[in-house]
Amino acid sequence: MYEVDARGLSCPEPIMLTQAAIKSHGNEKIKVLVSEPHQRTNVEKFAKSQGKKVSVSEKGDEFELIIE
């Protein structure tokens with residue numbers, strides 16, 4: 001599983017990193033870590049717009065998104 005650690009980054013950086021990961025690792029699961037609720041929402045919407053399935057879990061005060 002490819003991991004993108006976007007914790008602490010400002011938008012649009014988490015989306016840009018997710019886009020690059022989907023482009024280069026789109027055939028495998030991608031784990032995206034973010035630290036803000038709006039980043040979680042934005043990354044989830046972007047991944048779904050790319051035809052991907054997304055599952056989200058909250059890990060303390062951070063979020064883990066698994067993109068397939």
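We're numbering straight along the sequence, starting at 1. Everything numeric in this text was worked out from a predicted model, so none of it was measured.
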Here the gap from Ser55 atom OG to Glu68 atom CD, rounded to the nearest 0.5 Å, amounts to 6.0 Å
Residues in side chain to side chain contact (heavy atoms under 4.5 Å, CB included) with [X], at least two apart?
{"X": "Leu17", "result": "Val4, Ala6, Leu9"}
{"X": "Lys53", "result": "none"}
{"X": "Ser49", "result": "Phe46"}

Any side-chain heavy atom of Ile30 within less than 4.5 Å of one from Thr18? no
same_hphob_cluster(Val43, Val56) at 4.5 Å side-chain heavy-atom cutoff: yes
According to a hydrophobic-cluster definition based on side-chain heavy atoms being under 4.5 Å apart (Ile, Leu, Val, Met, Phe, Trp, Tyr only), do Leu33 and Leu65 belong together? no
Kindly state each residue pair satisfying salt bridge (charged side-chain N to carboxylate O under 4.0 Å, His left out) with at least one member in residues 11-30, sequence neighbours excluded. none
Salt bridge (Lys or Arg N to Asp or Glu O under 4.0 Å) partners for Glu62, two or more places apart: Arg7
Name all residues meeting the salt bridge (Lys or Arg N to Asp or Glu O under 4.0 Å) criterion together with Lys45; count only those two or more places apart in sequence or in a different chain, and write none if there are none. none
Does any pair with a residue in residues 23-42 pass ring pair (Phe, Tyr, Trp, His ring centres under 6.0 Å), and if so which ones, sequence neighbours excluded? Tyr2-His25
What are the two closest heavy atoms between [X] and [Y], and how far apart are they?
{"X": "Ala47", "Y": "Val54", "answer": "CB-CG2, 3.5 Å"}
{"X": "Ser10", "Y": "Pro14", "answer": "O-CD, 3.3 Å"}
{"X": "Ser57", "Y": "Lys59", "answer": "OG-CE, 3.6 Å"}

Who clusters with Met1? Use side-chain heavy atoms, under 4.5 angstrom, across I, L, V, M, F, W and Y, and order the result by chain and number. Ile66
Can you sort out the partners of Glu44 under side-chain hydrogen bond (donor to acceptor under 3.5 Å, both in side chains), two or more places apart, ordered by chain and number? Arg40, Lys48
